[in-house]
Structures are given as C-alpha cells and as structure tokens.
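All chains are named by letter (A, B, ...) in the order of the sequence lines, taking the proteins before the strands, and each is independently numbered beginning at 1.
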There are 2 protein chains.
Amino acid sequence: MAHGLTTTSYAILGLLALKPWTTYELAQQMGRALGQFWPRAESKLYEEPKKLVALGLATADRESVGKRRRTVYSITDDGRQALSRWLPLAGAPPVLEFELLIKVFFAEHGTKDDLLATIGLVRAWTEAQATLGVHITGEYLEGRGPYPERLPWILLTGQFLQDFLNMVELWADRAAATVETWPDDIRTATPDVGVLEAMAADNRAILERADQRRRASPPAAEP
Amino acid sequence: MAHGLTTTSYAILGLLALKPWTTYELAQQMGRALGQFWPRAESKLYEEPKKLVALGLATADRESVGKRRRTVYSITDDGRQALSRWLPLAGAPPVLEFELLIKVFFAEHGTKDDLLATIGLVRAWTEAQATLGVHITGEYLEGRGPYPERLPWILLTGQFLQDFLNMVELWADRAAATVETWPDDIRTATPDVGVLEAMAADNRAILERADQRRRASPPAAEP
DNA sequence: TTGACATCCTCCCTTTGGGAGTATATAGTA
DNA sequence: TACTATATACTCCCAAAGGGAGGATGTCAA
C-alpha cells in the first residue's frame with residue numbers, strides 16, 4: 001500500500017473521480033455504492049479525505065450554507081493516477097464475517113427452536129436486502145440510477161451481490177427444512193452424508209474447471 | 001454484549017466447551033473451524049482467553065514441555081452458561097469485505113485486461129478454497145473429521161461456505177464471459193438490461209416467498 | 001413556533017489487524 | 001552428531017478501524 005494508503009483511501013478516490021462531494025455525501029455514497037462489500041465506520045469516512053488532501057491526492061474546498069460550514073472534496077491529477085496505479089495490483093479476496101453462522105456452528109449449546117430462530121434472522125436479513133435491491137434495480141430500470149454510463153461494470157458488482165443474496169436465502173430455506181426434520185434434541189440428529197458427498201463433488205468440479213481453463217490457455221494468461 | 005464480551009469471546013468459549021486447548025491450538029482451531037466466517041488476528045486470539053479467565057469463564061493451567069511453557073485453557077461452568085445465554089440472542093447478519101470487487105466497481109480506471117485479471121484473481125481464490133474444501137470433506141467422508149457428533153450442524157455451516165464458494169466461482173465465470181464480449185475500451189461497453197431485470201425479479205421472488213412464509217405461519221413463529 | 005429529521009462534523013475510547021520478534025521443541029538430512 | 005527447517009508458544013507494538021456520543025445549523029411540515 002503506497003504511502004499509508006488503504007483500500008478505503010482508494011475507494012474514496014474512486015468516488016471523487018466521479019465528481020466532487022461534500023464529506024457527508026461521500027460518507028453516504030460510500031455506504032450506498034460500496035457499503036455491501038466495503039462497509040466502513042462513518043467517523044473514518046470523515047477522516048480519510050483529510051488524509052488524501054494532506055497527500056496531494058485531493059483538494060478541500062470549504063464553503064458555507066448560511067452559518068453552516070461544509071467541505072467539498074475534489075480529486076487531483078495525482079489522485080487519479082494513484083487510483084489507476086492501484087487498480088491493476090492484486091487485491092484481497094472476499095472476507096466474510098457472519099456471527100449468526102457462529103451460532104449455527106455451536107448449535108449444540110441451544111435448542112432446536114434457537115437454531116430455527118437463528119435461521120429466521122438470516123431470512124429476515126435476506127428480506128431486508130431484497131427490499132433494498134428492488135429499489136436500486138427499479139431506479140436503473142426506470143433510467144434514474146446514478147452514473148448509468150458505468151452500468152456495465154456496476155452490473156458485475158450488482159450481480160455478485162444479487163447472487164450472494166440469492167445464495168443466502170436458498171441456504172436458509174434448505175437449512176430450515178433440514179433442521180425441521182431433526183428431533184427436538186438436536187444433539188441426537190443424524191448427519192446427511194449425501195450433503196458431504198455433494199460438497200466434495202462441488203469442490204472437485206471447481207478444481208477440474210480450473211484445470212481445464214489452464215489447459216485451454218497458457219499460464220501467462222492467468223495471474 | 002455482556003461484560004465486554006465480544007463475538008470472539010463466545011467463539012473461544014464455544015471451542016473451549018469442546019475440550020481444553022493450549023493457546024496455540026485455540027488459535028489454530030479458530031482459524032480452521034471458524035476462520036472462513038469469523039477471521040481473527042492471531043495476536044488477539046492469544047489475548048482473548050486471558051480475558052475469559054479474568055472473568056471466571058475459563059481457567060488457565062500453566063504447564064511445561066521441557067523448558068517451554070505453555071498454557072492450557074478450560075471452560076468453567078459460568079463459561080458454559082454465558083455461551084448458552086448468548087446463543088439465542090440476535091446476532092449480526094453476513095458482512096462482506098471484498099477488495100477485488102471494489103476494483104470491479106471502479107473498472108473504468110483500468111483496462112479490459114486489468115478487469116479480466118481481477119476476475120482471474122477471484123478464480124484463483126476459488127481454486128485454493130476448493131483445494132482446502134476437498135481435504136476437509138475428505139476427512140469427514142473417511143470418518144476422520146474432528147467432532148463427528150457435531151456433524152449435523154457443522155454441515156449447515158459447511159453447506160453455507162460451499163454454496164458461497166460455488167456462487168463466487170459461477171459469478172467469476174459469468175463475469176469473465178461478459179467482459180470478454182466487451183470492446184477493448186470497456187468504457188464503451190453496453191449494459192445487459194436483461195441482467196438488471198433478472199435481478200429485480202430475484203428480489204421480488206425473495207419478497208414473495210417471505211410473504212408466503214408469513215402467511216403460512218403466525219407472526220410469533222418468526223423473529 | 002416547534003419538533004423531527006437532515007446535513008455536517010468532531011471527539012473519544014475500545015477493538016482489531018498484522019507484523020516483528022524471541023525462545024524452545026521436533027524432525028529430517030548431511 | 002550437527003545443522004537447518006519448521007512447529008509450537010507467545011508477547012509487543014503501532015496503525016487501522018468501529019461505533020457511539022455529542023453539538024451546530026438547515027429544512028420542512030404540522
């Protein structure tokens with residue numbers, strides 16, 4: 001990471017590259033545009049642009065609305081270049097933190113109803129996410145979504161998030177159905193070996209497809 | 001969170017409930033068992049059990065191997081109860097951090113090849129994960145996996161992780177195929193409205209299913 | 001006018017990440 | 001036997017980050 005810049009630094013630079021924003025707008029836009037795959041605490045989003053200014057990657061324009069002060073940040077040419085230099089560098093793969101899944105992992109310490117309630121919370125989350133998703137897709141379908149010229153690659157990220165949501169919902173459905181078949185004392189439940197075998201088969205299939213891609217193209221074509 | 005206990009505290013308690021562990025083993029087990037959905041820095045995993053001991057939720061037994069000292073931690077009854085009290089409480093839904101997806105989101109700052117390389121990194125990750133997955137499923141299929149009596153609910157978490165992996169791989173495949181169709185200057189690519197419509201339909205389907213579940217059971221049955 | 005909410009922001013304390021470093025045990029190889 | 005690589009065991013340190021609290025002013029509706 002160049003000069004103490006973090007992924008969040010680059011994310012902010014990416015947004016500034018679109019247009020200048022007030023800090024409040026930046027914080028909001030970070031939440032809306034990136035919050036599902038790069039959630040950041042608001043206070044840090046107020047700090048970060050100051051750092052960019054100190055490094056000459058952004059500029060700060062203080063202005064007033066009545067007696068209220070606000071700061072509009074803009075990207076500099078150096079900022080654009082920093083962003084472009086970062087983009088092709090290797091980045092981190094997905095990192096997941098899922099507290100509810102910890103509760104599933106330690107289900108033996110609770111009841112069948114506890115476990116079903118946990119799965120229910122997962123479902124509630126998928127519902128809230130789907131409600132949000134309907135609004136966002138609706139905006140773009142009505143031609144009102146922000147930055148439509150960026151839609152081709154925005155759709156890639158959107159598709160990822162949608163796939164994730166669909167996956168979580170489907171998992172919750174199946175998990176609930178499975179747990180419902182268990183005895184009241186879940187500690188006496190028996191595992192479904194078929195699930196294990198299917199997982200093993202899925203992994204082998206992934207490895208096989210990776211192999212095929214390697215054989216279909218020279219090593220230089222892969223990172 | 002009771003008395004400053006964190007999710008990590010409860011995760012450690014959950015492992016201690018299985019058996020006593022040295023700190024090194026605890027750190028390892030956290031990584032193996034929970035690292036995919038609760039990744040934690042090693043140094044914190046050495047700190048955490050000390051905190052549990054201070055709170056009377058665990059005990060520490062200092063022992064020696066030759067001149068090397070080590071600590072074996074065990075759970076107390078209070079610890080078990082704290083864990084059981086935490087389990088039915090509401091927990092946090094999935095939180096994702098995916099730096100590579102940020103690079104997809106800001107793809108306009110790079111080239112088509114940059115974007116394809118980014119997707120390639122995602123694929124490489126899925127391959128490494130699948131390799132790991134093959135070993136783990138293999139252990140259980142051969143009857144050598146740890147804590148087989150916990151398999152029914154371990155399989156729920158395993159299924160989640162497998163579904164996630166499958167989803168990421170499929171997304172990467174489709175994203176690569178899509179980007180391959182784009183012109184060299186990706187800024188001139190045109191969005192596939194069908195993808196947007198499919199996403200909208202997926203979200204509506206999720207909401208519809210949630211509605212049906214609500215109608216099929218009284219509100220008290222849901223969290 | 002008042003109250004709710006939005007816009008705008010700072011401060012503070014705790015948690016967390018991740019790297020560096022040290023000591024001893026173990027196993028394999030020359 | 002000596003050496004080396006790796007494992008086991010752990011601490012320290014500094015930077016990054018979370019999240020809550022709090023305050024000031026603007027806007028809008030009742």
Rounded to whole Å, how long is the line connecting atom [atom1] of [X] with atom [atom2] of [N]?
X: B/Lys51; N: C/dT16; atom1: NZ; atom2: C1'; result: 11 Å
X: B/Glu48; N: C/dG17; atom1: CD; atom2: P; result: 11 Å
X: A/Lys44; N: C/dT14; atom1: NZ; atom2: P; result: 14 Å

Ring pair (Phe, Tyr, Trp, His ring centres under 6.0 Å) pairs, two or more places apart, involving residues 31-54 of chain A: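 Those involving residues 31-54 of chain A do not exist here.
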
Per the ring pair (Phe, Tyr, Trp, His ring centres under 6.0 Å) rule, what does the pair list look like for residues 126-160 of chain A, sequence neighbours excluded?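 Counting only pairs at least two positions apart or across chains, the ring pair (Phe, Tyr, Trp, His ring centres under 6.0 Å) contacts touching residues 126-160 of chain A are A/Phe160-B/Phe98, A/Phe160-B/Trp171.
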
Test of understanding: with side-chain hydrogen bond (donor to acceptor under 3.5 Å, both in side chains), list the residues that count as partners of [X], not counting sequence neighbours.
X: A/Arg68; value: none
X: B/Trp125; value: none
X: B/Asp173; value: B/Arg123
X: B/Asp163; value: B/Gln159

Among pairs that include at least one residue of residues 71-82 of chain B, which meet side chain to side chain donor-acceptor pair (under 3.5 Å), considering only residues two or more places apart or in two chains?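 Side chain to side chain donor-acceptor pair (under 3.5 Å) check on residues 71-82 of chain B returns B/Arg62-B/Thr71.
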
Could you tell me from which nucleotide to which nucleotide of DNA chain D, 5' to 3', there is an atom under 4.0 Å from chain B heavy atoms?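 Endpoints of the contacted stretch of DNA chain D: D/dA7 to D/dC12.
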
Earlier contact from the 5' end, DNA chain D, for A/Pro39 and B/Val65: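 It is B/Val65 whose nearest nucleotide is closer to the 5' end.
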
Starting at the 5' end of DNA chain D, which residue's closest nucleotide do you reach first, B/Tyr46 or B/Glu97?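 Checking each residue's closest nucleotide, the 5'-ward one belongs to B/Tyr46.
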
Can A/Glu108 and A/Arg187 be counted as an ion pair, charged N to O under 4.0 angstrom?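 No, A/Glu108 and A/Arg187 are not salt-bridged.
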
Going by heavy atoms closer than 4.0 Å, what residues in residues 18-38 of chain A are next to DNA chain C?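 Only A/Thr22, A/Thr23, A/Tyr24 qualify.
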
Mind checking A/Lys67 for me? I need base, sugar-phosphate or nothing, with any heavy atom below 4.0 Å counting as a touch.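 Answer is sugar-phosphate: A/Lys67 comes under 4.0 Å of backbone atoms only.
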
With sugar-phosphate meaning primed atoms plus P, OP1 and OP2, does B/Pro49 contact a base, only sugar-phosphate, or nothing at under 4.0 Å between heavy atoms?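 Touches nothing.
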
With sequence neighbours left out, write down each residue that passes ring pair (Phe, Tyr, Trp, His ring centres under 6.0 Å) with A/Phe106, or none if nothing qualifies.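 So A/Phe106 forms no ring pair (Phe, Tyr, Trp, His ring centres under 6.0 Å) with any residue.
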
Using the ring pair (Phe, Tyr, Trp, His ring centres under 6.0 Å) criterion, which residues pair with B/Phe164? Sequence neighbours excluded.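 So B/Phe164 forms a ring pair (Phe, Tyr, Trp, His ring centres under 6.0 Å) with A/Phe164.
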
Under 3.5 Å between N/O atoms: give me all the protein pairs with nucleotides 19-23 of chain C, atom names plus distance.
none

Under a 3.5 Å distance rule, please check whether B/Trp86 uses its side chain to pair with a backbone N or O of B/Tyr10 as donor and acceptor.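 Not at all, since once roles are kept as given, no pair shorter than 3.5 Å links the two residues.
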
A/Tyr73 vs A/Glu47, nearer the 5' end of DNA chain C by closest nucleotide: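 That would be A/Tyr73.
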
